[in-house]
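These notes concern the structure reproduced below.
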Amino acid sequence: DAHKPVIGASEEELRSIKTPACIVPGNDKIHSRQVGTKLSTLLPNCELHILFEHEHDMDMSPNEEWVSKTQALATLFVQFLQKTLPGSKV
């Protein structure tokens, strides 16, 4: 599976997913922006959101960077759910 765009799913499988998706790539080697961007080109009904200005040349970025984005992530996901599930009380 390491040769697939996202571990566990082929391009064909990803293109077949019709469910709305919100993609937020990370900023390190394990959670790379490149993989998130590629995924966004394969999923037909998705939004891509880049939260980090730069990527780290390390396996995992410092957790503090994600913690600093907590409010931004919460807002992003609530807005995504409101658009995706109109009329719901998110």
Side-chain angles (χ1 to χ4, degrees):
D1 281 356
H3 300 291
K4 294 181 178 179
V6 177
I7 291 178
S10 69
E11 287 192 18
E12 181 180 338
E13 291 167 329
L14 292 168
R15 285 190 179 101
S16 74
I17 296 171
K18 305 299 183 223
T19 304
C22 182
I23 301 169
V24 183
N27 62 339
D28 54 41
K29 290 181 180 180
I30 294 174
H31 313 94
S32 75
R33 181 182 300 181
Q34 180 181 2
V35 171
T37 301
K38 174 69 174 178
L39 179 61
S40 75
T41 68
L42 298 172
L43 291 174
N45 192 14
C46 75
E47 296 179 3
L48 173 66
H49 297 274
I50 306 295
L51 291 183
F52 299 101
E53 294 178 23
H54 68 280
E55 289 191 271
H56 293 284
D57 187 20
M58 58 178 54
D59 288 341
M60 300 262 313
S61 63
N63 189 53
E64 297 80 27
E65 291 187 15
W66 280 98
V67 170
S68 73
K69 300 291 186 180
T70 301
Q71 185 59 51
L73 276 167
T75 299
L76 185 133
F77 289 141
V78 167
Q79 290 173 347
F80 175 78
L81 289 170
Q82 288 172 332
K83 284 189 290 187
T84 306
L85 306 169
S88 68
K89 295 182 181 183
V90 179

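These values consider heavy atoms only, across backbone and side chains, with no hydrogens, waters or symmetry-generated copies. Starting from 1, each residue takes its place in the sequence as its number.
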Counting only N and O atoms by type, is there a donor-acceptor contact under 3.5 Å from the side chain of E13 to the main-chain atoms of S10? yes

Using side-chain heavy atoms (C-beta onward) and a distance below 4.5 Å, is H54 in contact with H56? yes

State plainly whether one hydrophobic cluster holds both F77 and F52, where clusters connect Ile, Leu, Val, Met, Phe, Trp and Tyr through side-chain heavy atoms under 4.5 angstrom apart. yes

The reported gap from CG in L42 to CZ in R15 (rounded to nearest 0.5 angstrom) is 5.0 Å

All heavy atoms of P25 vs all of S32, minimum pair found to be CB-O, 3.6 Å

To the nearest 0.5 angstrom, please state how far the NE2 atom of H31 sits from the CH2 atom of W66. 7.5 Å

Can you tell me if N45 has over 12 outside heavy atoms packed within less than 6.0 Å of its CG? yes

Sub-3.5 Å donor-acceptor pair from the side chain of T37 to the main-chain atoms of Q34, do we have one? no

Following the transitive rule for hydrophobic clusters with a side-chain heavy-atom cut-off under 4.5 Å over Ile, Leu, Val, Met, Phe, Trp and Tyr, establish whether I17 and L48 coincide in one cluster. yes

Measure the NZ-NE2 distance between K69 and H49 for me, rounded to the nearest 0.5 Å. 13.5 Å

Please walk me through it: do R33 and N27 pass side-chain contact (heavy atoms from CB on, under 4.5 Å)? CA-CA 6 Å; R33 181 182 300 181; N27 62 339; 5.8 Å; no

Nearest heavy-atom neighbours spanning S61 and D28: N-OD2, 2.7 Å

Do M60 and I30 come close enough that some side-chain heavy atom pair is under 4.5 Å? yes

Drop me the distance from L39's CG to E11's CD, to the nearest 0.5 angstrom. 10.5 Å

Assess the side chains of T75 and Q71: does a donor N or O sit below 3.5 Å from an acceptor N or O? yes

Kindly determine whether K83 and E47 satisfy side-chain contact (heavy atoms from CB on, under 4.5 Å), including the steps that lead there. CA-CA 11 Å; K83 284 189 290 187; E47 296 179 3; 2.5 Å; yes

Gap between atom CD1 of I50 and atom CD1 of I23 - 0.5 Å precision: 9.5 Å

